[in-house]
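Note that this is a predicted model, so its numbers are computed, not measured. First the proteins, then the strands, lettered A, B, ... as listed; each starts at 1.
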Protein chains: 2
Amino acid sequence: MDSTTTRPDQEPRPLRADARRNRARLLDEARVAFGERGTEASLDEIARRAGVGIGTLYRHFPTRDDLVESLISGEVQRLGTLSASLAEADDPFDALRTWLQALVRHACAFRGLAESLVTAAGGEGRLAMACHDTESAGQVLFERAQRSGHVRPDASTQDVVDLACSIAWITERSERDLGEGDRLLDLALDGLRAQQ
Amino acid sequence: MDSTTTRPDQEPRPLRADARRNRARLLDEARVAFGERGTEASLDEIARRAGVGIGTLYRHFPTRDDLVESLISGEVQRLGTLSASLAEADDPFDALRTWLQALVRHACAFRGLAESLVTAAGGEGRLAMACHDTESAGQVLFERAQRSGHVRPDASTQDVVDLACSIAWITERSERDLGEGDRLLDLALDGLRAQQ
DNA sequence: ACCTGAACACCGTTCAAGT
DNA sequence: ACCTGAACACCGTTCAAGT
């Protein structure tokens with residue numbers, strides 16, 4: 001169900017050569033800065049390191065979240081692709097688990113990302129749309145698993161996406177490494193009870 | 001290795017009358033401000049509303065987390081009491097669940113609290129000690145439940161406390177009400193799988 | 001012993017002037 | 001069409017001066 005035709009996506013509208021170069025530099029430096037300091041990195045420093053006035057940063061990325069969105073848009077698409085490729089998997093529950101694991105890892109990409117995602121999700125910007133797309137990708141797998149009776153009927157896509165984001169958040173915040181994120185996710189999916 | 005003798009705890013050391021009044025006013029206004037704007041509320045505004053110079057705020061509460069700690073210390077104690085009162089409960093798993101529920105509600109008391117707790121936990125300040133005390137309270141219930149075979153042997157106290165904090169965080173961030181926090185916690189404790 | 005608030009540093013955001 | 005950077009607003013934190 002990927003409509004490559006309709007994509008109301010940003011057609012990146014031809015930019016003047018210098019503008020395009022500036023945009024690329026800003027993204028490069030933002031990637032570095034977010035990697036080092038998380039999503040709260042100083043915008044001023046990003047602009048300075050990119051050799052660009054702060055006004056230019058704001059022109060290309062009116063909000064911090066727009067910058068975040070541009071950095072993760074590739075990953076968001078990959079989560080869509082992954083969902084599609086899991087949609088016919090033998091075990092619907094495991095398919096969902098695999099996708100949620102990928103979501104957790106995605107939301108751990110840099111410090112503050114899980115927070116940005118969850119906060120943006122309620123809003124209206126480009127990042128909110130990215131969140132919406134991500135949730136839609138998960139929904140396919142979730143509903144299949146639920147229809148097939150492998151998932152509690154009282155749970156929702158939103159529940160598991162939120163759980164994944166909050167696990168990403170705690171993984172990043174406490175100093176667990178990424179493998180610990182997987183463990184916590186398994187814990188939440190399988191439950192705390194000992195199987196007897 | 002707990003040296004109950006050394007407790008470098010704050011004995012609240014007699015304050016001059018005006019200092020005590022200022023401290024109380026600061027706490028009152030901080031409670032209001034944190035309630036309205038979360039733990040990131042402006043310290044300047046708290047001091048102003050308390051009718052006190054900003055320096056006085058810093059004298060009483062050298063860090064923002066010290067302010068947070070003073071606001072929640074009562075709740076932290078109550079979590080300890082609750083743990084003690086659940087320590088002999090018939091169903092060890094349910095006892096743990098009840099306590100974790102209380103922890104989730106506690107960490108939802110105001111916006112940003114879950115974040116402050118998790119961030120502080122790694123550090124050294126008074127808030128870190130409060131986190132440590134809280135975890136100890138949970139540990140009693142957790143280990144009992146685990147020893148009795150009701151809890152997976154590969155899970156840890158830290159796992160469930162972290163899960164509770166992250167569920168508090170997501171509950172507060174997305175605009176779920178508190179009951180939703182309980183639901184998410186149940187989901188994580190019981191697992192996503194349909195019981196068949 | 002405690003309080004005050006000016007001073008400093010840092011950051012986000014806007015906008016008039018420039019090319 | 002795009003860029004620049006000064007200007008403004010806001011906040012945290014320290015510290016010299018005061019009582």
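- Salt-bridge annotation for A:Arg105 and A:Asp182: present, with a side-chain N of the basic residue lying under 4.0 Å from a carboxylate O of the acidic one.
- Across all strands, A:Ala41 comes closer than 4.0 Å only to sugar-phosphate atoms, never to a base (heavy-atom distances).
- B:Asp186 and B:Arg97 are joined by a salt bridge, as a carboxylate oxygen and a charged side-chain nitrogen come within less than 4.0 angstrom of each other.
- The separation between A:Ile46 atom CD1 and C:dG12 atom C1' is 12 Å, rounded to whole Å.
- The pairing partner recorded for D:dG18 is C:dC2, the criterion being a Watson-Crick or G-U wobble arrangement whose two distances lie under 3.5 angstrom.
- The phosphate of C:dC2 has neither OP1 nor OP2 within less than 4.0 Å of any side-chain N or O from B:Asn22.
- One can place CD1 of A:Ile54 at 18 Å from P of C:dA16, the figure rounded to the nearest angstrom.
- A salt bridge is absent between B:Arg25 and B:Glu29: the closest approach of a Lys/Arg side-chain nitrogen to an acidic carboxylate oxygen does not fall below 4.0 angstrom.
- A side-chain donor-acceptor contact under 3.5 Å links B:Asp66 and B:Thr63.
- Distance CG (A:Leu43) to P (D:dG5): 17 Å, rounded to an integer number of Å.
- At the phosphate of C:dG12, OP1 or OP2 sits under 4.0 Å from a side-chain N or O atom of A:Ser42.
- Between B:His60 and C:dC2 there is no side-chain polar atom (N or O) within less than 4.0 angstrom of OP1 or OP2.
- Here the nucleotide nearest the side chain of A:Arg59, chosen from D:dA1, C:dC3, D:dT4, is D:dA1.
- Summarising the geometry, the separation between OH on A:Tyr58 and C1' on D:dA6 is reported as 15 Å, rounded to the nearest angstrom.
- Across the protein-nucleic acid pair, A:Leu57 atom CG and D:dT4 atom P stand 11 Å apart, rounded to whole Å.
- Side-chain nitrogen and oxygen atoms of B:Arg16 include none within less than 4.0 Å of the OP1 or OP2 phosphate oxygen of C:dC2.
- A 3.5 Å limit on both hydrogen-bonding distances identifies C:dG12 as the Watson-Crick or G-U partner of D:dC8.
- Ion pairing between a basic and an acidic side chain is recognised when a charged N comes within 4.0 Å of a carboxylate O; B:Arg183 and A:Asp154 show no such pairing.
- Set against C:dC3, D:dC3, C:dG12, the side chain of B:Ala19 has C:dC3 as its closest nucleotide.
- Between A:Arg21 atom CZ and D:dC3 atom C1' the separation is 12 Å, expressed in whole Å.
- Separating the CZ atom of A:Arg37 from the C1' atom of C:dC11 is a distance of 13 Å, rounded to the nearest angstrom.
- Following rounding to the nearest Å, B:Asp44 (CG) and C:dA7 (P) show an atom-to-atom distance of 15 Å.
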